[in-house]
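Structure first, commentary second.
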Amino acid sequence: MREADSPSIPRHVAIVMDGNGRWARKRLMPRVFGHKAGVDALVRTVRACADRGVRHLTVFAFSSENWKRPEDEVSGLMALMMNAVAKHMAALREEGVRVRIVGDRSGISAGVIASWDTIEAATAHNQRIDLYVAFNYGGRWDIVQACKRLLAEGVDPSTLDEARLARHLVMHEAPDPDLFIRTGGELRLSNFLLWQSAYAELHFSDCLWPDFDAGELDRALQAYARRERRFGRVTASPPDADAAVPLSQPASFLSR
Ligand code: IPE
Ligand code: IPE
Ligand code: MG
């Protein structure tokens, strides 16, 4: 069922795909085996999101801090990136998925970057769902690179505001995430989309990422649909607007 026009379906879902290593360890397999199963979970999730009318999906695939992992895991993740593009590009293109890779490209090999360029070009005209893969990404890095570009433009501090800074962040084409999901049981952001998630609804699941499926997604979407998003207001939609105290008449207890 496609519910793109329903406000209860988030326009933008962001996911910290965590738990691959523990999933592999439970099977007495190397961590990269878990990452490989994680790619299959990602492809399932892209399809499930598109079917439900989610327009933008951003996933955390490799953080600025993940370079601290053992060398064989890092090189395994780089190789997996290229294999995943080769394996899934044709299907994603056919299914209307527009793929963008966001993050710091310095330190990434020419081969990996070439595979990203290939899938971005092959899917550039798709419009069903945007898939942003955050690779070598960190929320703090994103804010610093935006500031550097603003300074290079010679920004006048008096004209700088939130909207102008946001236009320089790597996710500037997408609305802010409505729903932020983290699998794997940890209750933290780990430097993902710090600026953009200011008002995202948070959903944490103990499910290890390779086990994530449409049922898990639906649980997160159901939890989201029950939330009241206020954005600093008293209530999202006043039950009886006429009964509200006019702002020009402060309540009498304030002057006591
Ligand atoms: C997340 O899974 C994927 C990446 C960080 C690349 P982990 O590899 O962090 O899995 P756990 O948290 O160790 O189980
Ligand atoms: C966050 O998971 C990064 C990705 C999922 C790519 P981590 O496993 O790296 O996060 P920490 O280290 O537990 O905070
Ligand atoms: Mg982890």
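Indexing begins at 1, ligand by ligand and atom by atom, following the structure's order. By convention here, the first residue in the shown sequence is residue 1.
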### Task
Within a distance under 4.0 Å of any heavy atom of V16, pick out the atoms of ligand 2 and give their elements.
1 (C), 5 (C)
### Element-labelled atoms of ligand 2 that are located less than 4.0 Å from some non-hydrogen atom of F62
6 (C)
### Summary
The answer for which part of F192 has a heavy atom under 4.0 Å from ligand 2 is neither
### Query
Taking non-hydrogen atoms only, is R182 closer than 4.0 angstrom to ligand 2 via side chain, backbone, both or neither?
side chain
### Query
Taking just the N, O or S atoms of D18, which one is nearest to the Mg ion (ligand 3)?
OD1
### Query
Is R25 close enough and on-axis enough to W23, meaning under 6.0 Å and within 45°, for cation-pi?
no
When you measure from [atom] to every protein heavy atom, which one gives the shortest distance, and what is it?
atom	result
atom 10 (O) of ligand 1	G21 N, 2.9 Å
atom 14 (O) of ligand 2	S190 OG, 2.6 Å
atom 12 (O) of ligand 2	R188 NH2, 4.6 Å

### Task
Ignoring hydrogens and angles, state whether a donor on the side chain of H168 or E153 is under 3.5 Å from an acceptor on the partner side chain.
yes
### No-hydrogen, no-angle side-chain donor-acceptor test under 3.5 Å, N191 and W141
no
### Task
With heavy atoms only and a cut-off of under 4.0 Å, state how L208 meets ligand 1: side chain, backbone, both or neither.
neither
### Query
Which ligand 1 atoms are under 4.0 Å away from a heavy-atom of D18?
1 (C), 2 (O), 7 (P), 9 (O), 10 (O), 11 (P), 12 (O)
### Query
What atoms of ligand 1 come closer than 4.0 angstrom to any heavy atom of M17?
1 (C), 2 (O), 3 (C)
SB check [X] [Y] (cutoff 4.0 Å):
X	Y	value
R98	D130	yes
R105	D117	yes
D40	K36	no

#### Entry: Option set R31, E186, H35, E65, criterion heavy-atom distance to atom 13 (O) of ligand 1, minimum
R31
Below 3.5 angstrom, do we get any N/O pair linking [X] and ligand 1?
X	value
A61	no
N66	no
R22	yes

### Message
Are the side chains of K148 and L151 in contact, using a 4.5 Å heavy-atom criterion?
### Response
no
### Task
Please determine if the Mg ion (ligand 3) has an N/O/S atom from E186 lying under 2.8 Å away.
no
### Task
Please state whether the rings of Y132 and H12 are parallel, tilted or perpendicular, taking 30° and 60° as the class boundaries.
tilted
### Query
Do the ring planes of F60 and Y137 sit parallel (below 30°), tilted (30 to 60°) or perpendicular (above 60°)?
perpendicular
### Common cluster, L179/W209, ILVMFWY with side-chain heavy-atom separation under 4.5 Å
yes
### Query
For R55 and R128, which heavy atoms make the closest approach, and how far apart are they?
NH1-O, 3.1 Å
### Min N/O separation R69 to ligand 2 under 3.5 Å
yes
### Query
Going by heavy atoms, is G19 under 4.0 Å from ligand 1?
yes
